[in-house]
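What follows is a single structure, written as structure tokens, with notes after it.
Only this structure's heavy atoms are used, side chains among them; waters, hydrogens and symmetry mates stay out. Predicted model, so just to flag it, every value in this text is computed and none were measured. Note that ligands are numbered from 1 as they come in the structure, with each ligand's atoms numbered from 1 the same way.
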Amino acid sequence: MNVLVLNSGSSSIKFSLFKMPEEQEISLGLIEKIGEENALVTLRVSSNETKHTQLVSDHSAGLKIIADFLADKVLINQELSAIGHRVVHGGEAYSDTQLITDEVLRKIDELAVLAPLHNPPNAEGIRVSQQIFPQANQVAIFDTAFHSTIPPYTYRYPVPNRLYQEHGIRVYGMHGTSHQYVTQQAASFLGKPLDSVNLITIHLGNGCSMTAVKNGKSTDTSMGLSPLAGLMMGTRSGDIDPAIPFFLSEQAEMSPAEIDHLLNHESGLKGITGENDLREVLRKQEQEDKPAKLALEMYCYRIKKYVGAYLAVLGSADALVFTAGVGENSPFVREKSLEGLEALGIQLDSSKNNQSVSGIQELQAEDSKIKILVVPTNEELAIAQQTFQLLSEEK
Ligand code: ADP
């Protein structure tokens, strides 16, 4: 079965085509700057990649380009039978993968209140995909679903009940597809049944989040109602005193929209150094740039605080699992985040940490009680797997 994975953002569509159950990625690509005259179209089949710019007026035009490319170069007379859509927010309604019906799509629209930047383009991607591929089963994979096992004493905020009852204000958590995927990979690498593995999963990409995984299930996570909470990120602040927005509103006369922009797009690494890409911040640090040094100290300190907190939550952990762009590729961040944790049973082997090896790596020193793993994430494959699994069960 060919499974197309679609991730529709506000101005982009990312796709991957997998042959399942072989898990073979046949084709992938990306359309960026949708809505602009010079949209950037990148299409790849095997190792042949083409890039060009053209007018792509909307998501429908973008998906048509992808559909034509797949029909011409990849599928050639084969039908596409399944599409897995990444959907950021499933609210309390969805704790697992769903076959998309009118009702599911209506609910995704409704949940835009909780994810105003993400759910509308996700829903738009589903609608155009239903028009362009009417024969295919369309499946939604929710980024919040893995965190549906978090208990109420963790997901509720200590604010009046009506905020939860009337507005759904609670912790939902994000990056669930990645945390779930690396949890499964780590359990199988460690040779433990999924339902008995305790992990702290550390997803460090442009967005960053950590999850305490107890018996294979998410029991706490650092993002909250929105992806703004928790760790310091590329452009997002992560945890700050909740009084800061009131202060900014009163003292700096900023509007809610301006504060939202400030905390989501001008903060994090960017706020301290002017750069949101960690590689640039590391480069600046090498040139003795003080803000870069401070930003890296802050970034790693916050990871360390969550490691301590989640170790307390779990009681014991089999492994810490680093993943995503920074987690997989930055020995500096891994080392600095874990320094001084020997008394907690966490000790990195510096030379293993500095080796660059592909696939799952084990980085702990011999004396470390807790293992330290790098597990490459693959959200596209995880979506293809979940889509394939749901459709196999439906048969
Ligand atoms: P996204 O959240 O967009 O999926 P990624 O998982 O691709 O992001 O991670 C992007 C981040 O990973 C960027 O901050 C980038 O600087 C960082 N990164 C990528 N490669 C390296 C590297 N070799 N060393 C340090 N950081 C890296």
Side-chain angles (χ1 to χ4, degrees), residues 5-16 28-33 40 42 86-88 115 117-118 121-122 141 143 173-182 185 201-211 221-223 226-238 264-287 289 292-293 295-300 302-303 321-338 353-359 361 363 374-383:
V5 174
L6 286 181
N7 184 353
S8 303
S10 58
S11 62
S12 68
I13 306 177
K14 204 171 163 190
F15 76 92
S16 292
L28 69 154
L30 174 67
I31 305 191
E32 294 161 279
K33 299 192 190 173
L40 187 58
T42 308
R86 177 180 186 222
V87 180
V88 166
L117 300 178
H118 297 101
N122 297 159
I141 287 82
D143 232 18
M174 315 280 147
H175 290 150
T177 308
S178 176
H179 288 291
Q180 182 172 24
Y181 178 79
V182 299
Q185 294 281 308
T201 53
I202 308 171
H203 177 111
L204 306 173
N206 286 310
C208 302
S209 66
M210 287 175 60
T211 296
T221 195
S222 60
M223 285 178 169
S226 81
L228 187 54
L231 299 172
M232 177 170 169
M233 314 185 205
T235 64
R236 287 180 225 146
S237 62
N264 274 295
H265 301 287
E266 301 294 335
S267 297
L269 293 172
K270 189 175 179 197
I272 305 295
T273 68
E275 305 285 348
N276 65 300
D277 189 311
L278 192 104
R279 283 166 293 198
E280 289 302 315
V281 183
L282 288 167
R283 197 179 50 75
K284 281 190 162 184
Q285 176 178 243
E286 277 165 27
Q287 296 161 350
D289 181 88
K293 184 167 180 288
L296 289 165
E297 282 170 346
M298 292 166 67
Y299 185 93
C300 296
R302 285 166 175 240
I303 297 169
V321 179
F322 284 93
T323 194
V326 175
E328 291 168 31
N329 296 301
S330 177
F332 176 88
V333 167
R334 293 192 298 254
E335 182 152 2
K336 191 150 185 69
S337 311
L338 302 183
N353 185 40
N354 282 292
Q355 275 167 11
S356 155
V357 187
S358 62
Q361 302 167 60
L363 307 180
V374 170
V375 178
T377 194
N378 191 337
E379 287 163 284
E380 287 74 26
L381 175 59
I383 291 173

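A salt bridge does not link Lys284 to Glu280: none of the charged side-chain nitrogens sits closer than 4.0 Å to a carboxylate oxygen. Salt bridge absent: Glu286 and Arg283 never bring a charged side-chain N and a carboxylate O closer than 4.0 Å.
With distances taken over non-hydrogen atoms, the option nearest atom 5 (P) of ligand 1 out of Ser330, Pro331, Gly325 is Gly325. Among Asn329, Asn7, Val333, Leu204, the residue whose heavy atom lies closest to atom 22 (C) of ligand 1 is Asn329. Comparing heavy-atom distances from atom 15 (C) of ligand 1 across Leu269, Asp277, Asn206, Thr235 singles out Asp277 as nearest.
The N/O atoms of Leu278, backbone and side chain alike, include one that comes under 3.5 Å of an N/O atom in ligand 1.
Between the side chains of Glu266 and Thr235, no donor-acceptor pair is found at a separation under 3.5 Å.
Remark: the backbone N or O of Val88 is paired with a side-chain donor or acceptor of Asn122 at under 3.5 angstrom.
Among all non-hydrogen protein atoms, the one lying nearest atom 17 (C) of ligand 1 is Val326 CG2, 3.6 Å. In terms of protein heavy atoms, atom 26 (N) of ligand 1 is closest to Arg279 CG, 3.7 Å.
Side chains of His179 and Ser209 form a contact here, defined as non-hydrogen atoms less than 4.5 Å apart.
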